[in-house]
Amino acid sequence: ALQHEYKSGLVQSLFMQIPMYNIPKMIDTSKKPLVLYISFEDDPEVFGGFMYKYLYSSEHGTLPDLKGVTPEAIQKYMQEKLRINGYHIKMLRVNPSAWTYKELFNYILLLESQGYEIHACIVDYLIKMDVTGCIGKGGTEYRDLYDRCRQFFSVKKITFISPHQMSTEAKQLVRNGTNKMNLVKEVVGKGYTELSKQIDQVVDVEICIAKALMNKKWVLTMMIGKHRGAPILADDLKYQILRFPL
């Protein structure tokens with residue numbers, strides 16, 4: 001997506017939905033199922049606040065009044081909601097300049113050594129990570145970063161999700177008059193990705209999103225591009241519009 005178009009909001013929503021709507025299916029029943037969220041951008045107060053408001057509004061149909069709500073109460077509420085099906089939850093903030101892909105992989109191995117079976121790892125945003133050790137220049141080093149992560153996590157059967165920003169060429173389409181309701185249809189599958197146009201060669205699934213006004217209400221448009229291993233879908237089945245509830 002473009003800047004400030006709900007990229008972090010979407011992956012944080014997925015982070016919560018995965019443990020809330022799935023029953024853990026274990027490869028090793030002696031392990032503890034885990035869903036992991038790593039932020040390279042926002043502090044815990046920021047992403048934790050969004051997640052609490054998301055969960056509360058989903059249950060009560062209105063945004064919470066945070067006056068007098070303690071961090072302990074927020075943490076307890078989130079734990080109750082996210083651990084309902086038996087998943088363990090970990091969220092952390094990391095300085096991306098202090099991590100390369102090696103530190104990320106080592107952290108995963110550390111969690112596994114502590115008895116966790118990781119079912120999903122969400123990194124917001126992977127592209128902010130130091131690319132030391134990645135091969136290439138002029139953009140190919142970022143393709144290599146994505147490829148290394150795909151190979152590492154796919155072998156371990158871990159779903160890996162990371163948002164990515166669209167390139168300035170996509171923003172130019174909007175400046176030139178492309179309707180925001182149709183932007184995802186224009187860019188999907190065409191390599192409109194920041195820093196490297198080759199990232200879509202590596203990923204298994206690509207989803208483009210954009211916020212737009214429809215009948216004076218904000219909606220999120222979404223369209224699937226590449227989807228490795230899936231049957232061929234008609235374009236109208238790849239596109240959807242979700243209305244923001246509040």
Side-chain angles (χ1 to χ4, degrees), residues 6-40 44 47-48 50-52 54-59 75-94 101-126 145-164 199-200 202-209 220 222-233 237-238 240 242:
Y6 203 63
K7 295 186 296 297
S8 293
L10 180 60
V11 296
Q12 288 167 14
S13 301
L14 291 173
F15 168 74
M16 292 179 282
Q17 292 166 9
I18 288 169
M20 289 175 65
Y21 303 121
N22 290 278
I23 305 297
K25 294 183 179 179
M26 305 300 294
I27 298 174
D28 184 346
T29 56
S30 69
K31 301 284 188 177
K32 299 173 289 187
L34 176 69
V35 179
L36 174 65
Y37 179 82
I38 302 173
S39 175
F40 285 154
F47 62 74
F50 171 85
M51 292 181 189
Y52 175 73
Y54 175 97
L55 293 169
Y56 186 95
S57 62
S58 296
E59 180 179 3
Q75 184 178 18
K76 181 180 178 182
Y77 178 79
M78 290 178 61
Q79 290 283 352
E80 289 175 352
K81 294 297 180 182
L82 300 182
R83 299 188 67 168
I84 187 169
N85 289 320
Y87 270 106
H88 292 257
I89 302 297
K90 281 191 179 292
M91 299 176 282
L92 65 151
R93 166 75 159 93
V94 174
Y101 70 89
K102 293 179 181 178
E103 280 73 33
L104 173 60
F105 296 173
N106 286 337
Y107 183 66
I108 298 300
L109 296 174
L110 172 64
L111 292 174
E112 290 178 334
S113 73
Q114 294 174 346
Y116 292 105
E117 182 178 288
I118 304 169
H119 287 191
C121 174
I122 297 173
V123 174
D124 186 17
Y125 298 73
L126 179 65
L145 173 62
Y146 266 81
D147 191 38
R148 289 174 186 270
C149 288
R150 181 190 175 274
Q151 298 298 338
F152 177 84
F153 286 99
S154 63
V155 167
K156 291 181 171 293
K157 309 295 184 185
I158 299 173
T159 298
F160 181 78
I161 301 171
S162 184
H164 194 88
I199 289 174
D200 61 350
V202 177
V203 299
D204 292 312
V205 181
E206 169 198 15
I207 302 175
C208 292
I209 66 173
L220 186 69
M222 306 177 70
M223 189 162 185
I224 286 183
K226 180 181 180 182
H227 191 173
R228 182 181 279 124
I232 296 175
L233 292 175
L237 298 177
K238 298 177 182 178
Q240 65 176 337
L242 302 178

Under-4.0 Å salt bridge between E112 and K31: no
Those residues that, when tested against K7, pass salt bridge (Lys or Arg N to Asp or Glu O under 4.0 Å) (two or more places apart): none
Non-neighbouring partners of K102 that pass salt bridge (Lys or Arg N to Asp or Glu O under 4.0 Å), sequence neighbours left out: none
As an exercise, state the distance from [atom1] of [X] to [atom2] of [Y], rounded to the nearest 0.5 Å.
X    : Y    : atom1 : atom2 : result
N106 : L111 : CG    : CG    : 11.0 Å
S13  : L55  : OG    : CG    : 9.0 Å
L220 : Y6   : CG    : OH    : 7.5 Å
I23  : I84  : CD1   : CD1   : 8.5 Å
L92  : F40  : CG    : CZ    : 8.5 Å
L36  : F160 : CG    : CZ    : 9.5 Å

Side chain to side chain contact (heavy atoms under 4.5 Å, CB included) assessment of L109 paired with K156: CA-CA 10 Å; L109 296 174; K156 291 181 171 293; 3.7 Å; yes
Residue pair [X] / [Y], side-chain heavy-atom distance below 4.5 Å:
X    : Y    : result
I108 : I118 : yes
M223 : I207 : no
M51  : M91  : yes
Y21  : M16  : no
M222 : C208 : no
I122 : S162 : no

Aromatic ring pairing Y56/Y77, orientation class (parallel under 30°, perpendicular over 60°, tilted between): tilted
Reference residue H119; test ring pair (Phe, Tyr, Trp, His ring centres under 6.0 Å); the match among F15, F153, Y87: Y87
Aromatic contact, H164 with Y125 (centres under 6.0 Å): no
Intermediate values then yes/no, side chain to side chain contact (heavy atoms under 4.5 Å, CB included), L104 and F152: CA-CA 10 Å; L104 173 60; F152 177 84; over 6 Å; no
Main-chain N/O of P19 paired to N85 side chain as donor or acceptor, under 3.5 Å: yes
Donor-acceptor pair, side chain of E117 and main chain of I27, under 3.5 angstrom: yes
So which atom in [X] and which in [Y] form the shortest heavy-atom distance, rounded to 0.1 Å?
X    : Y    : value
V203 : E206 : CG2-CB, 4.4 Å
I89  : L82  : CG1-CB, 3.8 Å
G86  : P33  : O-CG, 3.5 Å
V202 : D147 : CG1-CA, 3.3 Å
C121 : V123 : SG-CG2, 3.9 Å
M20  : K81  : CG-O, 3.6 Å

Within 6.0 Å of CG in L233, more than 12 heavy atoms from elsewhere: yes
Counterpart residues, side-chain hydrogen bond (donor to acceptor under 3.5 Å, both in side chains), relative to D124 (two or more places apart): S8, Y37
H88 and Y116 side chains, donor-acceptor separation under 3.5 Å: no
No-hydrogen, no-angle side-chain donor-acceptor test under 3.5 Å, Q17 and Y54: yes
